[in-house]
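If you're wondering where the values come from, they're calculated on a predicted model, not measured in any experiment. FYI, side chains are in, hydrogens and waters are out, and symmetry mates aren't considered; it's all heavy atoms of this structure. Chain letters run A, B, ... following the sequence lines, proteins first, then strands; residues in each count from 1.
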2 protein chains.
Amino acid sequence: MSVRARMQRFEQALRERGLKSTAQRDDIARVFFAAREHVSVEELYGAVRRVSPRVGYATVYRTLRLLKECGLAAERHFDDGQARYEAVEEQEHPHDHIICERCGKIVEFASEELERLQERIARFLGFVVSRHRMELYGVCADCREGRRGSRREHGVHQV
Amino acid sequence: MSVRARMQRFEQALRERGLKSTAQRDDIARVFFAAREHVSVEELYGAVRRVSPRVGYATVYRTLRLLKECGLAAERHFDDGQARYEAVEEQEHPHDHIICERCGKIVEFASEELERLQERIARFLGFVVSRHRMELYGVCADCREGRRGSRREHGVHQV
DNA sequence: GTCAGTGCAAAAGATTTGCATGCGA
DNA sequence: TCGCATGCAAATCTTTTGCACTGAC
């Protein structure tokens with residue numbers, strides 16, 4: 001989905017909630033949607049300040065919370081401790097992450113087989129699953145072969 | 001493994017590193033090993049204070065870091081944001097967690113089928129996996145059926 | 001004109017660190 | 001005795017909140 005389309009969804013969400021559209025909110029949302037996936041608050045704040053230097057940290061946090069509540073952003077906690085955010089696709093299929101421990105690249109993937117297995121395991125343990133999270137950590141092909149590689153890797157890979 | 005056996009491993013690890021055995025370290029380690037799994041620092045601090053009221057927060061953190069470095073404790077970050085620690089079994093098989101969103105019970109499980117699937121997915125994406133983490137969130141049988149149930153559920157379930 | 005939104009600073013919560021003192025080896 | 005370990009308080013770091021001012025509607 002384009003940044004423009006996402007912005008329209010954001011503006012619509014604001015209207016639906018009777019919230020105001022402001023220059024700051026727009027700047028933060030636009031930078032967020034245009035950013036590489038999985039930004040930390042710090043990274044987002046830095047990028048926003050380059051566009052609009054008077055924006056405060058608190059507004060970035062507040063707008064990120066707003067985007068989360070509108071279903072336009074998702075918060076992720078990876079093992080390094082710091083929270084990261086990613087833009088959510090419309091009707092997005094839940095997906096998982098595989099992370100290169102050398103270059104930091106994060107690749108998204110979805111596996112129906114994995115989901116079925118999770119259901120099965122949960123049922124065996126007496127649980128009904130509502131959500132899950134899985135992360136694989138390792139080394140990507142680019143790093144193993146000494147290539148530079150792109151840290152950007154778009155979209156969810158169906159595996 | 002018993003608390004006693006774990007304490008012996010701890011004392012040995014201290015000696016190997018040329019570190020001192022102190023009353024505080026022993027108290028914290030003993031309470032940690034005896035505690036239910038997945039304690040937060042706050043919970044551990046509270047429990048240690050009941051045994052030894054003069055211990056400081058900093059010492060709990062420092063000892064927990066030490067236990068981690070000795071391979072006797074593992075740090076886990078679940079989705080609620082706060083870090084939790086669990087005692088590590090000797091030659092422990094990596095395992096995953098399923099968490100009841102109603103009563104907070106955490107059940108550990110290990111699945112070879114899951115591991116094989118993870119390997120397969122990673123290979124497909126060009127990665128070599130070194131570790132992983134998976135959490136399932138849902139509602140346990142006890143909660144669904146209005147039973148009280150035990151929050152303790154020992155050991156890793158092979159599924 | 002109203003009142004939600006913003007920036008700033010202060011607060012809050014989690015964790016780490018500096019330092020004088022204590023205590024294990 | 002010597003130096004690591006401790007307790008305390010202060011410093012960090014991340015995130016939230018209070019408040020007076022601003023600006024969207």
Could you walk me through whether A/His38 and A/His97 pass ring-ring contact (aromatic ring centres under 6.0 Å, His included), step by step?
CA-CA 11 Å; A/His38 307 107; A/His97 298 92; 4.8 Å; yes

Phosphate contact (C/dG5 OP1 or OP2) by A/Gln24 side-chain N/O below 4.0 Å:
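Checking A/Gln24 against C/dG5: no side-chain N or O falls below 4.0 Å of OP1 or OP2.
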
Using a cut-off of strictly less than 4.0 Å, decide whether A/Tyr61 has a side-chain nitrogen or oxygen near OP1 or OP2 of D/dT15.
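The answer is yes; a side-chain N or O of A/Tyr61 sits under 4.0 Å from OP1 or OP2.
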
Atom pairs under 3.5 Å, N or O on each side, protein against nucleotides 18-25 of chain C: can you list them with distances?
| unit_1 | atom_1 | unit_2 | atom_2 | d |
| --- | --- | --- | --- | --- |
| C/dG24 | O3' | B/Ser21 | O | 3.2 |
| C/dA25 | OP1 | B/Ser21 | N | 3.4 |

Short question: side chain of [X], backbone of [Y] - any donor-acceptor pair under 3.5 Å?
X: A/Ser130; Y: B/Tyr137; result: yes
X: B/Thr63; Y: B/Thr59; result: yes
X: A/Arg25; Y: A/Lys20; result: yes
X: B/Asp96; Y: B/Met134; result: yes

Please give, in whole Å, the distance from [N] [atom2] to [X] [atom1]?
X: B/Arg65; N: D/dC4; atom1: CZ; atom2: C1'; value: 14 Å
X: A/Tyr85; N: D/dT15; atom1: OH; atom2: P; value: 6 Å
X: A/Arg15; N: C/dA4; atom1: CZ; atom2: C1'; value: 17 Å
X: B/Leu64; N: C/dA14; atom1: CG; atom2: P; value: 14 Å
X: B/Arg25; N: D/dA5; atom1: CZ; atom2: P; value: 4 Å
X: B/Phe10; N: D/dA5; atom1: CZ; atom2: P; value: 10 Å
X: A/Leu66; N: C/dT6; atom1: CG; atom2: P; value: 9 Å
X: A/Tyr57; N: D/dT14; atom1: OH; atom2: C1'; value: 8 Å

Do any of residues 39-55 of chain B sit with a heavy atom less than 4.0 Å from DNA chain D, and if so which?
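Correct list: B/Arg54, B/Val55.
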
Taking atom types as modelled and ignoring hydrogens, do the side chains of A/Arg49 and A/Tyr45 form a donor-acceptor contact shorter than 3.5 angstrom?
yes

Do other residues, nucleotides or ligands put more than 12 heavy atoms under 6.0 Å from the CD atom of B/Glu11?
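Result for CD/B/Glu11: enclosed.
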
Restricting to non-hydrogen atoms, name the atom on B/Gly138 and the atom on A/Phe127 that form the minimum distance, rounded to 0.1 Å.
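So the minimum-distance heavy-atom pair works out to C-CD2, 4.3 Å.
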
Minimum heavy-atom distance between B/Phe33 and B/Ala87, given as atom pair plus value
CD2-CB, 4.1 Å

Quantified as the angle between the terminal helix axes (five pairs each), what is the overall bend of the helix from C/dG1-D/dC25 to C/dA25-D/dT1 to 10 degrees?
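Rounded value for the end-axis angle: 20°.
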
Among C/dT17, C/dT15, D/dT6, which nucleotide has an atom closest to any side-chain atom of B/Thr59?
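Of all the options, the side chain of B/Thr59 is nearest to D/dT6.
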
When you look at A/Glu16 and A/Gln12, which way does the side chain to side chain donor-acceptor pair (under 3.5 Å) test go after all the steps?
CA-CA 6 Å; A/Glu16 280 168 4; A/Gln12 185 191 330; 2.9 Å; yes

Salt bridge (charged side-chain N to carboxylate O under 4.0 Å, His left out) for B/Asp142 and B/Arg102? Distances and angles first, verdict last.
CA-CA 10 Å; B/Asp142 285 338; B/Arg102 210 166 293 167; over 6 Å; no

